[in-house]
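The structure presented is a predicted model; accordingly, all values stated were derived computationally and were not measured. Each chain gets a letter, A, B and so on, in the order the sequences are listed, and its residues count up from 1. Note: hydrogens, waters and symmetry copies are ignored here, and every other heavy atom, side chains too, is used.
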There are 2 protein chains.
Amino acid sequence: MHIDRAATAGQSFNRDPQAKFTVAKPPHPNTPLTEHLAYLLAQANREINRQLETRLSTEGVPVEQWRILKVLSDGEGHSMGDLADAVLLNHPTLTKMIDRMVSDSLVYRRQDAHDRRKVLMFISDHGKALCKRLNSLAASQEAHILENYGDKATGELKRLLENLIDAAS
Amino acid sequence: MHIDRAATAGQSFNRDPQAKFTVAKPPHPNTPLTEHLAYLLAQANREINRQLETRLSTEGVPVEQWRILKVLSDGEGHSMGDLADAVLLNHPTLTKMIDRMVSDSLVYRRQDAHDRRKVLMFISDHGKALCKRLNSLAASQEAHILENYGDKATGELKRLLENLIDAAS
DNA sequence: TCGAAAATGTTGAATGTTCAAGAATTGGGA
DNA sequence: TCCCAATTCTTGAACATTCAACATTTTCGA
């Protein structure tokens with residue numbers, strides 16, 4: 001490891017020249033990290049995702065694969081593009097994850113008869129059985145959250161998140 | 001690409017044997033993906049993070065580096081462990097990201113005099129200047145959210161997220 | 001005081017993701 | 001009709017992250 005011997009450490013006292021006489025509400029308030037919405041979302045997501053990951057690891061399956069199985073478990077064929085949007089993965093990442101799932105016989109590919117550029121994904125019986133077990137694990141996590149966090153707060157949080165997603169996209 | 005010729009597609013009609021006569025509230029409800037808290041959090045986080053990323057890309061800096069600079073901008077030395085917790089990164093990931101930031105002269109390492117296992121991180125003047133510009137970009141994003149999403153909803157959402165993080169960890 | 005266990009940070013190999021480019025197909029205007 | 005642009009998905013190289021193992025230092029009990 002390399003540790004610098006010396007470095008500039010001068011404290012600069014340059015007031016913002018735009019501030020002039022106003023005191024309240026500086027133009028670029030130095031908000032603490034923990035008050036930024038983006039940070040709170042990242043933190044909450046990390047924690048909840050970690051818990052879910054721990055549960056699903058019983059079956060040795062990453063969260064994204066559970067999402068994929070869940071989307072496909074309607075029995076319909078879903079194109080790679082639609083699937084990528086639904087499970088929040090980039091296209092190349094999805095392609096490679098699907099490759100693994102095909103190896104594990106959880107899903108299979110079919111070419112779309114109407115548009116041969118498209119590939120339709122389907123869930124196998126093996127995948128369905130696994131998905132059912134995973135749903136159970138995920139449901140128990142949600143139940144656990146409801147206990148600690150409360151029914152009302154959870155519902156309200158979900159509602160606000162849905163609105164944010166609508167407003168932001 | 002390899003597409004399967006044929007695959008098992010039999011629809012299995014196995015009712016849950018535990019269900020018997022109850023009809024409402026099956027034991028493991030097949031909740032749609034979009035109603036899971038974990039999914040909503042992932043979706044919202046992805047969207048907001050993407051927006052922030054876009055803004056910060058003006059300066060060619062990833063979100064995580066902004067967080068690091070922000071934490072260090074109190075001028076105090078922060079150990080790698082504390083920093084990793086604060087900016088939501090694993091230790092090895094942080095080590096390598098800090099390596100890059102040291103190359104860019106944004107931060108520097110010092111050994112802790114009181115506990116020589118520890119490495120303390122400091123921000124450089126160059127890093128401070130960059131951080132100030134990044135704060136500006138981030139603030140403008142928050143302002144943009146407040147416009148579209150509303151002051152009240154944002155405050156309420158932040159409050160609920162803070163509570164969730166407390167309850168979940 | 002000594003030594004084993006815990007704490008802290010880094011490294012290298014394995015793994016996963018992303019970016020840019022490519023192949024195949026479709027659609028639509030000249 | 002024909003051709004070029006747009007769409008859809010995959011691939012390979014560059015890049016980043018993670019896991020396990022390691023080195024160093026501290027802590028704490030015998």
Grab the CG-P distance between A/Asp112 and C/dT25 for me, whole Å please. 13 Å
Decide, yes or no, whether a salt bridge links B/Arg159 with B/Glu162 under the criterion of side-chain N to carboxylate O below 4.0 Å. no
Let me know the distance between CD of A/Gln65 and C1' of C/dG16, rounded to the nearest Å. 12 Å
When the distance from CG of A/Leu94 to P of C/dT18 is rounded to whole Å, what number comes out? 12 Å
To the nearest Å, how far apart are A/His91 NE2 and C/dG22 P? 20 Å
Hey, which of B/Val119, B/Ile68, B/Leu89 is the one that makes side-chain contact (heavy atoms from CB on, under 4.5 Å) with B/Leu83? B/Ile68
Between C1' of C/dG27 and NZ of A/Lys118, the distance in whole Å: 13 Å
B/Arg110 CZ to C/dG9 P: how many Å, rounded? 16 Å
Quick one: hydrophobic cluster around B/Ile48, which other residues, with the 4.5 Å side-chain cut-off, linked directly or via members? A/Leu37, A/Leu40, A/Leu41, A/Ile48, A/Ile145, A/Tyr149, A/Leu157, A/Leu160, A/Leu161, A/Leu164, A/Ile165, B/Leu37, B/Leu40, B/Leu41, B/Ile145, B/Tyr149, B/Leu157, B/Leu160, B/Leu161, B/Leu164, B/Ile165
Would you tabulate the pairs of protein nitrogen or oxygen atoms and nucleotide nitrogen or oxygen atoms of nucleotides 1-3 of chain D closer than 3.5 angstrom?
none

Give a yes or no on whether the backbone of A/Ala168 and the side-chain of B/Gln51 come within a donor-acceptor separation of less than 3.5 Å. yes
Terminal axes of the helix from C/dT1-D/dA30 to C/dA30-D/dT1 (five pairs each): angle between them, nearest 10 degrees: 10°
Taking B/Ser136 for the side chain and B/Lys132 for the main chain, is one N or O donor matched with an acceptor at less than 3.5 Å? no
About how many Å separate CG of B/Asn135 and OG of B/Ser140, when rounded to the nearest 0.5 Å? 11.5 Å
Are A/Glu53 and A/Arg50 close enough for a salt bridge, meaning some N to O gap below 4.0 Å? no
For A/Asp99 and C/dT15, give me the distance from atom CG to atom P, rounded to whole Å. 16 Å
What's the CG-C1' distance between A/Leu120 and D/dC9, to the nearest Å? 12 Å
Tell me whether B/Asp104 contacts the main-chain N or O of B/Leu106 through its side chain, where contact means a donor paired with an acceptor under 3.5 Å. no
Base, backbone or nothing for each nucleotide of nucleotides 13-27 of chain D, written B, S, -, heavy atoms under 4.0 angstrom, 5' to 3'? B---BBB----BBS-
Those residues of residues 74-87 of chain A lying under 4.0 Å from DNA chain D by at least one heavy atom: A/Ser79, A/Met80, A/Gly81
Could you tell me whether B/Asp125 and B/Lys128 have a side-chain N and a carboxylate O separated by less than 4.0 Å? yes
Is the backbone N or O of B/Ser105 less than 3.5 Å from a side-chain atom of B/Ser124, with the two atoms forming a donor-acceptor pair by type? yes
Does B/Asp74 use its side chain to pair, donor to acceptor, with the backbone of B/Glu76 at less than 3.5 Å? yes
B/Ser169 OG to A/Arg46 CZ distance, which is reported to the nearest 0.5 Å: 11.5 Å
With sequence neighbours excluded, tell me which residues meet salt bridge (charged side-chain N to carboxylate O under 4.0 Å, His left out) with B/Arg133. B/Glu59
